[in-house]
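Read through the structure below, which is laid out as structure tokens, and then see the notes.
Both counts, for ligands and for their atoms, begin at 1 and track the order of listing. Numbering of residues begins at 1 and proceeds along the displayed sequence.
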Amino acid sequence: MTMADLGTEALRTHVAAQLQRARDRSVALTDAVDDDDLVRQHSKLMSPLVWDLAHIGNQEELWLVRDVGAREPVRHDIDDIYDAFQHPRADRPALPMLSPAQARAYVREVRDKVFDILDTSPLEGRRLVTDGFAFGMIVQHEQQHDETMLATHQLRAGAPVLHAPPPPPGRPLAAPEVLVPAGPFTMGTDVDPWALDNERPSHDVHVDAYFIDTAPVTNEAYAEFMAAGGYDDQRWWSAEGWAYRHKADLTAPRFWVRSADSGGHRWLRDKFGVVEPIPPDEPVVHVCFYEARAYAAWAGKRLPTEPEWEKAARFDPATGRSRRFPWGDEDPGPEHANLGQRHLSPAPVGAYPAGVSASGVHQLVGDVWEWLDADFQGYPGFQAFPYREYSEVFFGGDYKMLRGGSFGTDPAACRATFRNWDHPIRRQIFAGFRCARDASPAELA
Ligand SMILES: [Fe+2]
């Protein structure tokens, strides 16, 4: 059963549940700290948490109250403050933001109207509302900001306030990499109702034969790169990467800290305020694109291209079709992937055998966003919808693609077609990577 099969009333129920789940998460992330923590900027890279909260409400008001519902504005006067394009994150603390109490009241008032609009709005006819798209867009927007707020929590100093059970244990993999034979596959989608404009339209892409790692690169493997002097060997780095490695004095993934009790020889990690040993078999996280690329070069490999990643995730050789998710069209469950902040870290390699793709590749969805050797561009026939600022204004910018979602990504904001992008220097996001390589003629014979 997928959303496309739902009748109108079932779709309304589904939308309401998704809105509520997103809001429960936003409330949990903002109620976890006091008002002082909500208004403080924990890093120049991030907004104050209370900005994110009211911005969530403001986007919801703009699209669902004013546009879909054609209602009077709730707070016309604050549109500018919460326009992400008007104010870079570093400048947001200086804005006359709503206080925590005002922000909470505002998002509640907006949501109350939205539930009323959802009850009566036709979910067909106009493209913006067909299959509940505008509601789905707002659900995804809130969940994306929740992941951003989770990253702010990771940057926040102080006692731990977030808690979750550990991820399931890992299992041995059959092989370290898999061969994906040459041939075409269908990339992108025309049919996923809540897919965003940059995932469309679907189109056939030929991909040469390649090998791709069965799992993301682990902490243990990454530590070997470090121990081999990878950070000090220019051969593995691009020119921009080498310059940034020195400018930012990169020596290890972000949030790795040297252990004081071993003379500084052992690494620990700071995970949401808990300093702990680094699990060797978990995917490495909090590395930037340049570090991922350097590791891949050191390993004699490279990062996957975007078609390579998506083909490994979606293509089913038995039927020739592309799936919504690695395991099939079914929405993600806890058995498939480490999504939705159920755990506060990536899961060890092999932890999700039910989530394996038809090509035999594990953990493509969930755990860590995966850096790709790809810039952000629209697919052939791209059309901006419903606004240029969602994707199009970022095309051709200084961005690298990220795929698959992390442990902090909600299932509602994650599909095997979902495309994320960020600056190649970013390390506070929950990003890791896996490697790929060309298949040689001898290996194909
Ligand atoms: Fe936003």
Side-chain angles (χ1 to χ4, degrees), residues 18-19 21-23 25-27 29-30 38-39 41-68 73-76 78-98 100 103-104 106-107 110-111 114 128 133-155 194-199 341 369 376 384-395 397 399 402 405-406 408-410 412-414 418-423 426 428-431:
Q18 296 277 338
L19 284 167
R21 214 160 49 79
R23 183 54 45 89
R25 187 179 177 196
S26 305
V27 167
L29 285 163
T30 47
L38 285 176
V39 301
Q41 188 168 44
H42 297 281
S43 158
K44 289 267 182 226
L45 296 170
M46 313 305 277
S47 316
L49 291 165
V50 73
W51 187 93
D52 281 297
L53 181 64
H55 167 80
I56 285 167
N58 185 243
Q59 284 289 301
E60 185 167 328
E61 179 187 347
L62 290 174
W63 287 101
L64 300 183
V65 176
R66 296 189 208 166
D67 194 322
V68 172
V74 181
R75 287 289 301 263
H76 208 287
I78 60 173
D79 288 353
D80 173 77
I81 297 172
Y82 295 105
D83 182 343
F85 284 89
Q86 297 300 321
H87 310 287
R89 284 177 177 174
D91 301 344
R92 290 176 192 168
L95 295 169
M97 294 184 294
L98 298 186
R104 288 180 170 121
Y106 171 61
V107 299
V110 170
R111 179 56 58 86
V114 164
L128 188 63
F133 175 80
F135 294 91
M137 180 177 77
I138 288 302
V139 165
Q140 294 178 71
H141 180 258
E142 181 158 358
Q143 290 286 5
Q144 286 161 8
H145 275 274
D146 288 346
E147 182 168 355
T148 300
M149 288 199 276
L150 187 64
T152 304
H153 272 275
Q154 173 63 47
L155 287 157
W194 289 4
L196 299 158
D197 59 0
N198 62 56
E199 299 167 65
Q341 204 187 310
W369 288 101
F376 191 28
F385 181 80
Y387 61 122
R388 284 189 70 242
E389 286 73 19
Y390 186 78
S391 313
E392 192 175 11
V393 297
F394 300 99
F395 291 168
Y399 303 105
L402 293 145
S406 77
T409 308
D410 189 81
C414 189
F418 191 93
R419 306 174 77 199
N420 186 11
W421 64 95
D422 212 329
H423 294 292
R426 288 287 179 255
Q428 88 282 7
I429 56 176
F430 305 111

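The one candidate from Arg89, Gln143, His55 that meets the side-chain contact (heavy atoms from CB on, under 4.5 Å) condition with Thr148 is Arg89. Considering Asp80, Asp83, Asp79 in turn, Asp79 is the only one that fulfils the side chain to side chain donor-acceptor pair (under 3.5 Å) rule with Asn58. No option in Arg75, Arg111, Glu61 other than Glu61 meets the side chain to side chain donor-acceptor pair (under 3.5 Å) test with Tyr106.
With salt bridges taken as basic N to acidic carboxylate O contacts below 4.0 Å, none links Glu199 and Arg419.
Contact of the Phe430 side chain with the Thr409 side chain is not registered, since no non-hydrogen atoms from C-beta on lie closer than 4.5 Å.
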Checklist entry - Where do Asp422 and Trp369 land on the side-chain contact (heavy atoms from CB on, under 4.5 Å) test, with the steps shown first? => result CA-CA 11 Å; Asp422 212 329; Trp369 288 101; over 6 Å; no

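Around the Fe ion (ligand 1), the protein contributes the following N, O or S atoms at distances under 2.8 Å: His55 NE2, His141 NE2, His145 NE2.
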